[in-house]
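As C-alpha cells, the structure follows; a few thoughts come after it.
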Amino acid sequence: MSFTALAQLWLEDMKIDPRLSDGTKAVYESELRTLVVPTFEHFALREISTARVERFLTAQSIKSYARAKHCKVILNF
C-alpha cells in the first residue's frame with residue numbers, strides 16, 4: 001500500500017470521528033494535504049523509517065512547534 005492511499009483512508013476515518021471538532025478536522029486535513037503527503041507520497045510504507053519521520057518533524061518544528069505537533073498527531077494515527 002502506498003502512503004498516499006493510507007493517508008486517504010485516514011482522512012476519511014478522521015472526518016467521521018465524533019471526538020474531533022470541525023476546526024481540528026480542517027487543520028488536520030490541510031496539514032495532511034500540504035505538508036505530510038507531499039513529503040512521503042513517493043515512498044512505500046515500508047520505506048518510511050523512524051529516522052525519516054524524525055527528520056521531517058524536526059524540519060517542521062523549526063518552522064512552527066504547532067505545525068510539528070499536528071504532523072506528529074497525523075503520522076501517529
Side-chain angles (χ1 to χ4, degrees):
M1 175 179 276
S2 70
F3 179 81
T4 305
L6 180 63
Q8 186 60 39
L9 290 173
W10 176 82
L11 186 59
E12 291 168 10
D13 284 346
M14 185 266 308
K15 285 182 177 181
I16 61 171
D17 189 338
R19 298 172 296 162
L20 300 174
S21 71
D22 290 340
T24 299
K25 291 175 185 179
V27 169
Y28 286 171
E29 180 176 5
S30 173
E31 292 188 351
L32 176 70
R33 291 187 191 282
T34 61
L35 301 172
V36 179
V37 169
T39 301
F40 296 107
E41 68 185 339
H42 300 294
F43 296 105
L45 292 177
R46 61 182 163 73
E47 296 174 315
I48 302 173
S49 65
T50 303
R52 194 175 302 251
V53 170
E54 284 297 319
R55 281 192 302 271
F56 168 72
L57 293 175
T58 299
Q60 295 308 311
S61 69
I62 291 169
K63 297 173 186 172
S64 165
Y65 172 78
R67 179 187 289 183
K69 185 176 175 183
H70 292 158
C71 289
K72 185 175 181 180
V73 168
I74 291 167
L75 289 166
N76 278 331
F77 275 101

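Just so we're clear, the structure is a prediction, and the values are computed from it rather than from any experiment.
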Just distance, no hydrogens or angles: give the donor-acceptor pairs under 3.5 Å from side chains in residues 51-60, sequence neighbours left out.
{"from": "Arg52", "atom 1": "NE", "to": "Glu47", "atom 2": "O", "distance (Å)": "3.3"}
{"from": "Thr58", "atom 1": "OG1", "to": "Glu54", "atom 2": "O", "distance (Å)": "2.8"}

Met1 reachable from Leu75 in the ILVMFWY side-chain graph, under 4.5 Å edges: yes
If you look only at distance, which donor and acceptor atoms sit under 3.5 Å apart when one is on a side chain in residues 34-41 and the other is two or more places apart or in another chain?
{"from": "Thr34", "atom 1": "OG1", "to": "Ser30", "atom 2": "O", "distance (Å)": "2.7"}
{"from": "Thr39", "atom 1": "OG1", "to": "Leu35", "atom 2": "O", "distance (Å)": "2.8"}

Rounded distance (nearest 0.5 Å) linking atom NE2 of His42 with atom OG of Ser2: 11.0 Å
Straight-line distance of Phe3 CZ to Arg46 CZ, nearest 0.5 Å: 15.5 Å
Candidate pair Glu29 and Lys25, rule salt bridge (Lys or Arg N to Asp or Glu O under 4.0 Å), full reasoning: CA-CA 6 Å; Glu29 180 176 5; Lys25 291 175 185 179; over 6 Å; no
Worked verdict on Arg33 versus Leu11 for side chain to side chain contact (heavy atoms under 4.5 Å, CB included): CA-CA 10 Å; Arg33 291 187 191 282; Leu11 186 59; 2.9 Å; yes
Candidate pair Lys72 and Asn76, rule side chain to side chain contact (heavy atoms under 4.5 Å, CB included), full reasoning: CA-CA 6 Å; Lys72 185 175 181 180; Asn76 278 331; 3.6 Å; yes
Between CD on residue Glu31 and OG on residue Ser64, distance to nearest 0.5 Å: 7.5 Å
Residues in side chain to side chain donor-acceptor pair (under 3.5 Å) contact with Thr24, at least two apart in sequence or another chain: Ser21
Gln8 CD to Leu32 CG distance, which is reported to the nearest 0.5 Å: 8.5 Å
